[in-house]
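Contents: one structure, followed by commentary.
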Amino acid sequence: MNFHVITIFPEICQAYTDASILGRAQKTEKGKGAKVKGKKIAVDYYNPRDFVNDKHKKVDDKPYGGGPGMVMKVEPIIKAWQKAVGRKKDQKKVKTLIMSPQGKVFSNKLAREYAKKYDHLVLISGRYEGIDSRVKKALKAEEVSVGDYVLTGGELPALSIVDSVARQVPGVLGEFESLEDERDTNGEMYTRPEVIEYKKKRYKVPPVFMSGNHAEINKRRARTKK
Ligand code: SAH
């Protein structure tokens, strides 16, 4: 899966995607023996500022019809998009998402669907008041929201989507990291030490988790659903 993130803050985002599991998934790995495992994902960044010619590198302008704030201009975003995926022959394998609090709310179901259906996911991240509405039409993009709250920019939403789609790509999670089975449970989990002390109170791991009785442990995990 190839992710293409269009943002005026690529450095902030890249620090996140280069770390941990997403970072590992972008590298070739040495497998068992002489086997070399390929890259599972690629994450590329495109800064709309690199696609403007005027010397002020203006990516925003005042809204037509008045109102507060600034609106992100069309051309730098379209040019960034073209650089990212404009030449891909099979455009059916390309999906373009615009981060927007008015969009369809993103879900794990969509993450799974995108990981299966597409080879290229373009994520357009807004700032200021948002993005000129023509971008959506011109690029046949879909607006997605990460929830019923408003952020100052689309970077965190774009990263959330990259993250959740990437972990659905086969091989991104290692054999010790679980994909979805934790969702059938209540999420209750413990690790060492068995007893911790905090503000003069002792907190113990429930004995059933120490019992080695997996049937009982599974029952406990299923029982106390939130
Ligand atoms: N003035 C707009 C908010 C703009 S927020 C309004 O009232 O609706 C600025 C940018 O942050 C948006 O263009 C979008 O890309 C991003 N953003 C903010 N909240 C978001 C959310 N819940 N989901 C996805 N993107 C969001």
Side-chain angles (χ1 to χ4, degrees), residues 1-19 22 41-52 54 56-86 94-118 120-169 183:
M1 171 64 82
N2 299 275
F3 297 98
H4 308 268
V5 184
I6 300 178
T7 167
I8 58 170
F9 294 109
E11 322 75 36
I12 314 179
C13 301
Q14 195 164 4
Y16 184 82
T17 53
D18 278 354
L22 299 186
I41 62 168
V43 189
D44 291 303
Y45 292 94
Y46 307 83
N47 190 338
R49 283 195 209 288
D50 297 338
F51 298 88
V52 275
D54 74 283
H56 302 295
K57 303 263 175 208
K58 230 168 113 81
V59 290
D60 60 322
D61 211 332
K62 282 181 272 183
Y64 279 121
M70 299 294 264
V71 177
M72 286 187 80
K73 290 158 73 69
V74 178
E75 297 102 314
I77 294 180
I78 289 191
K79 283 182 186 159
W81 185 92
Q82 278 170 330
K83 170 105 193 268
V85 292
V94 176
K95 177 79 177 172
T96 304
L97 304 174
I98 296 176
M99 304 305 114
S100 160
Q102 283 87 15
K104 165 162 147 190
V105 177
F106 194 72
S107 64
N108 215 40
K109 188 168 166 248
L110 279 180
R112 251 180 259 128
E113 188 185 313
Y114 292 166
K116 249 201 200 136
K117 262 201 199 156
Y118 304 107
H120 297 272
L121 211 57
V122 187
L123 302 105
I124 304 174
S125 172
R127 278 272 154 179
Y128 318 114
E129 285 306 306
I131 300 166
D132 187 311
S133 299
R134 288 169 292 185
V135 169
K136 181 181 174 189
K137 278 198 179 149
L139 299 180
K140 296 187 177 63
E142 192 171 348
E143 287 182 313
V144 285
S145 162
V146 288
D148 194 8
Y149 49 89
V150 182
L151 299 161
T152 56
E155 285 73 20
L156 292 175
L159 288 175
S160 302
I161 292 172
V162 169
D163 193 314
S164 66
V165 173
R167 67 191 288 291
Q168 299 293 339
V169 172
R183 296 185 35 116

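Whatever order the structure lists ligands and atoms in, that order sets their numbers, starting from 1.
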For this session: Can you sort out which atoms of ligand 1 are near Gly147, meaning under 4.0 Å from one of its heavy atoms?
Result: 22 (N)
For this session: Please report which non-hydrogen protein atom sits nearest to atom 24 (C) of ligand 1, along with the residue it belongs to and the distance in Å to one decimal place.
Result: Ser100 N, 3.4 Å
For this session: May I ask you to identify, for Asp148, whether its side chain, its backbone, both or neither come under 4.0 Å of ligand 1 on a heavy-atom basis?
Result: neither
For this session: May I ask you to check whether over 12 heavy atoms, not counting those of Lys79, lie within 6.0 Å of atom NZ?
Result: yes
Problem set entry | N or O pair under 3.5 Å between Leu151 and ligand 1 | yes
Exercise. To the nearest 0.1 Å, how far is atom 23 (N) of ligand 1 from its closest protein heavy atom, and which atom is that?
Worked result: Val146 N, 3.1 Å
Problem set entry | Tyr149 neighbourhood, listing ligand 1 atoms whose heavy-atom distance to it stays under 4.0 Å | 19 (N), 21 (C), 22 (N)
For this session: Under 4.0 Å from a heavy atom of Gly153: give me the atoms of ligand 1 that qualify, with their elements.
Result: 10 (C), 11 (O), 16 (C), 17 (N)
For this session: Would you list the pairs meeting ring-ring contact (aromatic ring centres under 6.0 Å, His included) in which at least one residue belongs to residues 120-143, sequence neighbours left out?
Result: His4-His120
Exercise. Looking at ligand 1, does any of its N/O atoms fall within less than 3.5 Å of an N/O of Gly126?
Worked result: yes
Exercise. Nearest to atom 1 (N) of ligand 1, what protein heavy atom do you find, and at what distance?
Worked result: Glu129 OE1, 2.7 Å
Exercise. Does Tyr128 have a non-hydrogen atom less than 4.0 Å from ligand 1?
Worked result: yes
For this session: Find all atoms of ligand 1 within a distance of less than 4.0 Å from any non-hydrogen atom belonging to Gly154, and give their numbers and elements.
Result: 11 (O), 15 (O), 16 (C)
Problem set entry | Identity and distance of the protein heavy atom lying nearest atom 15 (O) of ligand 1 | Met99 O, 2.7 Å
Seminar exercise, completed: Counting heavy atoms under 4.0 Å, the part of Pro101 that contacts ligand 1 is both
For this session: Output yes when a protein non-hydrogen atom is found under 4.0 Å of atom 7 (O) of ligand 1, and no otherwise.
Result: no
Exercise. Does ligand 1 have any atom that is closer than 4.0 Å to a heavy atom of Gln102?
Worked result: yes
Exercise. Take atom NZ in Lys104; do more than 12 heavy atoms of anything else shown fall under 6.0 Å from it?
Worked result: no
Exercise. Which ligand 1 atoms are under 4.0 Å away from a heavy-atom of Val150?
Worked result: 3 (C), 5 (S), 19 (N)
Problem set entry | Any N/O pair Val144/ligand 1 closer than 3.5 Å | no
For this session: Any salt bridge (Lys or Arg N to Asp or Glu O under 4.0 Å) involving residues 147-157? Give me the pairs, sequence neighbours left out, ordered by first then second residue.
Result: Arg127-Glu155
